[in-house]
Amino acid sequence: MALDPERNEGYAGVIVYAWPEMHIIEKSSAILPLKFPYIPGLLSFREIPVLGKAIEELEIEPDLFFVDGQGIAHPRSMGIACHLGLLLEKPTIGCAKSLLYGSYKKPGQKRGDSEPLYSKDKKVIGQVLRTKLSCNPLFISPGHLIDLETSVEWVLRVLDGYRLPKPTREADAFVGELKREGRK
DNA sequence: GCGACAG
DNA sequence: ATCTTGTCGC
């Protein structure tokens, strides 16, 4: 998702890939006024309306979603990946670029190195995963209908040499283009 | 009371 | 999220 502060609008983008070829088979986007502010822990209320609209436009029903944000690695175990998964009734993986909640030990520097992310009551709620040599790790946590181990496996499977998984990285670039066109 | 705080 | 060129490290 991308933002246009001036117009207070959110740009959501979704890209569907064929597995295991990983070529794009469909793209969709949506632009809507934002009706909720950004409050850490309440990201769902701000982004799901826009993300939901972009996903509704799809002709294909994806079998798995990589979501930009946390899954159960959340103060109430309800990150945006959980919310989206419940609404769609589809498996979702939370793939965040930074920490929202939990504690962890710094993982090794090699690609694939990881350390568990713990909640306040010392339960494993995610995995801090190094997706590229010497780059900041990603915070992976299950959203809906998937477990942590499988979530990490899928993220590693769709990495293609960059820090962010291919779906996330290309969807980001996609909304970035839309925003440039939109504000011209 | 103080610090932390997805996008 | 976003503002943004050059720059440091692997």
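What you are looking at is a predicted structure, and each value in this text was computed from that prediction instead of being measured. Chain naming here is simple, since letters A, B, ... match the order of the sequence lines and numbering starts at 1 in each. Values reported hereafter were calculated over all heavy atoms of this structure, with side chains retained and with hydrogens, waters and symmetry mates removed.
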Rounded to whole Å, the OH-P distance (A:Y162 to C:dC10) equals 21 Å
(message) Under 4.0 Å, counting only non-hydrogen atoms across every strand here, what does A:G10 touch: a base, just sugar-phosphate, or nothing?
(response) nothing
Atom OH of A:Y101 and atom P of B:dA4 are separated, to the nearest Å, by 16 Å
message = Check the phosphate of C:dT2 against A:K179, side-chain N and O only, distance under 4.0 Å to OP1 or OP2. Yes or no?
response = yes
Among the nucleotides C:dA1, B:dC5, B:dA6, whichever has the atom closest to the side chain of A:L99 is B:dC5
Here the distance between atom P of B:dA6 and atom CD of A:E47, to the nearest Å, is 12 Å
So what does A:L51 touch, heavy atoms closer than 4.0 Å: a base, only the sugar-phosphate, or nothing? nothing
By a 5.5 angstrom centroid cut-off and a 30 degree plane limit, is there stacking between A:F139 and B:dA6?
no
note: A:K120, atom NZ; B:dG3, atom C1'; distance rounded to Å ~ 12 Å
Original post:
Would you call A:E153-A:R157 a salt bridge at under 4.0 Å N-O?
Top reply: yes
Test side chain to side chain contact (heavy atoms under 4.5 Å, CB included), reference A:L138, set A:T168, A:L164, A:V128, output is A:L164
_With a cut-off of less than 4.0 Å, is there a side-chain N or O of A:K97 near OP1 or OP2 of B:dG7?_
yes
So what does A:L133 touch, heavy atoms closer than 4.0 Å: a base, only the sugar-phosphate, or nothing? sugar-phosphate
Quick note, A:Q70 side chain, CB onward, closest among C:dC10, B:dA6, C:dA1 is B:dA6
Separation of B:dA6 atom P from A:N136 atom CG, nearest Å, is 14 Å
Among B:dA6, C:dC10, B:dG7, the one nearest any side-chain atom of A:D68 is B:dG7
Whole-Å distance, A:Y104 OH to B:dA6 P, equals 12 Å
Which of B:dC5, C:dC10, C:dT2 is nearest the side chain of A:A2? It is C:dT2
Ranking C:dA1, C:dC10, B:dA6 by distance to the side chain of A:L3, first place goes to C:dA1
**Asked** Under 4.0 Å: is that the gap between some side-chain N or O of A:S98 and OP1 or OP2 of B:dG7?
**Response** yes
When rounded to whole Å, the CE to P distance for the pair A:M1 and B:dA6 reads 15 Å
Quick check on A:F36: does its CZ atom have over 12 non-hydrogen neighbours (other residues, nucleotides or ligands) under 6.0 Å away? yes
A:Y38 atom OH is separated from C:dA1 atom P, nearest whole Å, by 10 Å
The residue among A:L99, A:V124, A:I125 that forms side chain to side chain contact (heavy atoms under 4.5 Å, CB included) with A:Y104 is A:L99
Side-chain donor-acceptor pair present, A:E170, A:Y17, cut-off under 3.5 Å: yes
